Amino acid sequence: MPIARAARRATVRIGAVVLAGALLAACGSDASDSSDSANGKVTLTVDLFGSFGYKEAGLYKEYEKLNPGVTIKQTDTEDEADYWKSLQTRLAGGGGLADVQGIEVGRIASVTQQQSDKFQDLSEFGADKLKSQFAEAKWSAATTEDGKILGLGTDVGPEAMCYRTDLFKQAGLPTDREELAQKWSTWDGYLELGKQYKKKAPAKSAWLDSIGSLYGIMIGQEKERYYDASGELIYEKNPAVKHAWDTSVKASDAGLSAKLDQWSPQWNQAFAAGSFATIPCPAWMLGYIKGQAGDAGKGKWDIAKLPGGAGNWGGSYLSVPRAAEHKKEAYELIKWLTAPAQQAKLFQKQGNFPSSTGAIEKVAAAKDPYFTDAPIGQIFGDAAKASPVQVLGVHDQNVAQQLTNALSEVERKGTSSAKAWETAKKGVANVVG
Amino acid sequence: MTLTATAKAAPRAPGSGPDDTRAASVRRTWRRLSPYAYIAPFFTLFAAFGLFPLLYTAFVSLYRVELQTSGDMEWRGTANYTALFTDEYFWTALRNTFTIGVLSTVPQLAMALGLAHLLNYKLRGRTFIRTAILLPYATSVAAATLVFAQLFGRDFGLINYVLGLVGVSPVDWQTGTVASQIAVSTIVVWRWTGYNALIYLAGMQSIPGELYEAAEMDGASRWRQFVHVTLPGLRPTIVFTVIVSTIGATQLFGEPLLFEGSISGGIAHQYQTLGLYMYEQGWGFFHLGRAAAIAWVMFVLIVVLVGVNALVVRRRVRREAGR
């Protein structure tokens with residue numbers, strides 16, 4: 001019956017949410033049917049976005065074996081923006097929430113500052129003892145001012161550059177990762193190499209996937225981006241944002257981009273088709289590349305150090321909503337999933353780089369055969385150590401999306417940089433307003 | 001209660017006692033009130049799920065409400081509405097709704113009319129064909145749109161491939177303003193043409209066959225029969241489909257949303273409709289107050305559109321009656 005009550009509450013609160021709330025509450029009910037706490041049997045629901053890779057790495061199976069009676073059911077939304085939208089709708093309605101919900105790092109400030117009452121304070125279950133396990137920045141971002149712990153860190157997103165050795169060879173470029181890292185030690189060097197590539201590139205193949213991903217990876221190298229430490233929106237006058245923007249526009253003007261929107265179906269198809277030779281890749285992208293490029297791509301890819309220094313893009317948290325059905329069991333699960341041993345295993349299988357300090361040491365020697373045995377432990381480990389601790393704001397993710405959208409306009413519609421910047425500003429005002 | 005009273009009263013002579021008049025008055029009252037009882041379920045449901053949300057939306061539209069903190073409401077008066085009228089994207093959305101509406105409604109109804117006319121002939125396998133044209137309508141918007149999005153793909157789409165065969169360079173169906181609107185309209189046309197054709201067909205079959213026979217005897221061609229017999233006979237049906245399609249076009253949402261999976265209606269809002277604009281404000285940015293204001297503006301817009309439609313039709317009818 002709590003589901004019916006939740007649905008009713010939704011009706012009263014916001015008329016428009018009624019339908020969504022009721023539908024989702026209906027989805028939630030089948031989870032409660034299949035779980036039978038009286039027999040010590042529990043079905044834990046996990047709702048994630050993108051590719052966390054737990055299932056692929058076999059971690060759920062392992063946990064189920066260790067904890068007889070626990071069954072784990074995962075749902076997954078590819079695009080984080082869609083995921084966040086539906087999560088917010090369900091939080092407002094109070095129904096249909098999974099026991100474990102993933103939270104992107106760009107949203108965590110919104111959770112700690114605006115919705116601390118909607119997520120379970122994990123210190124009630126003793127999470128405060130785990131603090132020493134995690135990288136300091138990762139831990140503090142999910143802690144509210146009054147000390148509530150609202151999520152456990154999963155991965156972080158140290159950055160590198162993934163590239164196709166077969167395409168490089170065809171265009172007569174060097175394929176050695178050390179040599180490339182030297183040649184593109186700066187972003188200008190990277191664009192220069194791109195121009196060389198373009199001259200002799202195979203047909204229908206561009207230097208990089210989209211300037212949106214170039215912008216994303218560059219902005220990840222900065223400490224301050226859209227907000228300053230006091231929570232003020234500063235993106236307009238931030239030289240770091242301008243630098244990333246201008247470099248992206250330069251890449252577009254030089255015709256280096258395949259003009260694909262990240263996360264679109266075309267983008268997905270392009271991984272296997274070889275439409276681009278390089279893609280700026282945070283560690284979590286490795287699993288995605290493997291998934292999209294498939295077995296045929298094995299050995300064709302390699303990874304080199306990122307131009308212009310170390311950076312971090314993304315990374316996530318696992319949280320337990322207040323309205324979750326099995327809060328205690330959910331906490332046990334996320335504690336296990338984010339423990340050093342599991343984070344290390346996940347990195348070796350899927351490439352998601354650990355946020356747990358213990359795990360980082362464990363994976364220093366890891367190599368990935370899919371990426372021509374690139375020393376991913378070392379490349380991403382170095383990047384993780386050197387990357388700045390970023391200032392996070394409430395609307396980080398949405399602001400980033402507006403800027404990326406405007407950049408797409410530049411590369412796909414040929415809009416001038418100045419006009420696109422105005423569009424972006426309008427978009428951000430719309431988001432924040 | 002009432003029934004037994006009537007039964008008892010029946011054998012007596014009418015109008016012979018006070019009992020009788022009472023029974024009659026009860027009967028009269030029931031007869032007067034019973035229709036209301038019969039239609040009450042609909043109106044109760046309508047009040048709960050139609051009227052209340054409508055009024056509540058109006059109430060919400062006067063506040064600043066954010067989905068993430070939906071408990072805190074901040075009075076804004078008409079600020080949500082005025083902000084709307086100075087927002088460039090609102091006007092873009094309004095314009096897009098209109099152009100996509102025209103691009104989809106006009107060819108759709110014209111094609112439906114033609115199809116219906118053809119289906120009205122005696123054909124082999126008529127029932128099968130009539131059922132078949134309804135199939136697109138039975139397909140879900142999501143499935144249809146996803147397939148069309150693939151067909152209209154820039155790099156790997158079938159349509160660009162075919163265009164390439166005849167020497168046309170690939171069109172970026174998602175980025176170009178006109179191209180993207182045509183693509184979205186195509187999905188709408190594909191889904192609704194068969195549906196409208198069936199409605200027209202039903203209308204055509206109520207036109208007496210003698211009219212056609214007479215026309216044929218007078219030597220009228222098939223085309224002239226269509227213009228002078230079918231079209232006038234179909235007028236009320238056409239008015240109905242125009243109104244329904246107008247409402248549908250004003251609310252267009254699923255196709256543009258799923259076409260690229262973009263809540264902004266493309267990177268430059270190039271095919272963002274009003275419905276999508278509302279969704280972006282409400283479920284993209286979580287500004288529920290503003291979304292509610294847009295919902296009300298859309299509601300008023302539809303009422304006005306339908307009103308104008310009805311007015312035009314009524315004036316036409318009166319003019320014709322006067323002739």
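Reminder, nothing fancy here: chain letters follow the sequence lines and each chain counts from 1. As the structure is a prediction and not an experimental result, all values here were calculated from the model.
If you measure heavy-atom distances from A:Ala258 to chain B, the contacts under 4.5 Å come from the backbone alone. In this structure, chain A has no heavy atom under 4.5 Å from any part of B:Phe59. Contact of B:Arg154 with chain A is made through backbone and side chain together, with heavy-atom distances under 4.5 Å. Of the two parts of B:Ile263, only the side chain, counted from C-beta on, holds a non-hydrogen atom closer than 4.5 Å to a non-hydrogen atom of chain A. Neither the backbone nor the side chain of B:Ser262 comes within less than 4.5 Å of any heavy atom in chain A. For B:Gln174, the parts lying under 4.5 angstrom from a heavy atom of chain A are both the backbone and the side chain. Contact annotation for A:Ser264: neither backbone nor side-chain heavy atoms come within less than 4.5 Å of a heavy atom of chain B. Heavy atoms closer than 4.5 Å to chain B are found in the side chain of A:Ser275, but not in its backbone. Residue contact with chain B, scored on non-hydrogen atoms closer than 4.5 Å, involves the side chain of A:Gln115 exclusively. Residue contact with chain B, scored on non-hydrogen atoms closer than 4.5 Å, is absent for A:Asp79. In this structure, the portions of A:Trp84 lying under 4.5 Å from any heavy atom of chain B include both its backbone and its side chain. Only the side chain of A:Asn398 comes within less than 4.5 Å of a heavy atom of chain B; its backbone N, CA, C and O stay farther away.
Residue-environment remark: OH (B:Tyr36) stays at or below the threshold of 12 foreign heavy atoms within 6.0 Å.
Residues A:Lys413 and B:Thr177 form a side-chain contact, since some pair of their non-hydrogen atoms from C-beta on lies under 4.5 Å apart. Looking at B:Val147 and B:Phe152, their side chains never come closer than 4.5 Å, going by heavy atoms from C-beta outward.
Residues from residues 105-113 of chain A that place a non-hydrogen atom less than 4.5 Å from a non-hydrogen atom of chain B comprise A:Ser110, given in numerical order.
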Inset, instruction - Give the C-alpha distance, both sets of side-chain angles, the deciding distance and a yes or no for side-chain hydrogen bond (donor to acceptor under 3.5 Å, both in side chains) between B:Thr57 and B:Trp296. - result: CA-CA 8 Å; B:Thr57 307; B:Trp296 257 88; 5.1 Å; no
Inset, instruction - Tell me, with the steps shown, if B:Trp173 and B:Phe259 meet ring pair (Phe, Tyr, Trp, His ring centres under 6.0 Å). - result: CA-CA 10 Å; B:Trp173 290 104; B:Phe259 183 50; 8.9 Å; no
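Taking the six-membered ring for Trp and thresholds of 30 and 60 degrees, A:Phe49 and A:Tyr83 have ring planes inclined between 30 and 60 degrees apart. By the 30° and 60° cut-offs, the orientation of the rings of A:Trp421 relative to A:Tyr235 is tilted. Below 30°, between 30° and 60°, or above 60°: for B:Phe42 and B:Phe46 the angle between ring planes is below 30°, a parallel geometry.
Counting all heavy atoms, side chain and backbone alike, B:Ala249 lies closest to B:Thr97 at O-CG2, 3.7 Å.
Side chains of B:Glu280 and B:Ser264: a donor-acceptor N/O pair is present below 3.5 angstrom, by distance only.
Aromatic ring centres of A:Phe276 and A:Trp207 lie farther apart than the 6.0 Å criterion allows. When ring centroids are compared, B:Trp91 and B:Tyr277 stay outside the 6.0 Å threshold.
With hydrogens and angles ignored, the 3.5 Å screen pairs no side-chain donor or acceptor of B:Asp155 with any backbone N or O of A:Gln269.
For the set A:Val431, A:Leu260, A:Thr415, A:Asp117, the count of heavy-atom pairs under 4.5 angstrom toward chain B peaks at A:Val431. Looking only at heavy-atom pairs under 4.5 Å with chain B, the residue among A:Ala420, A:Ala273, A:Gly433, A:Ala429 that has the most is A:Gly433.
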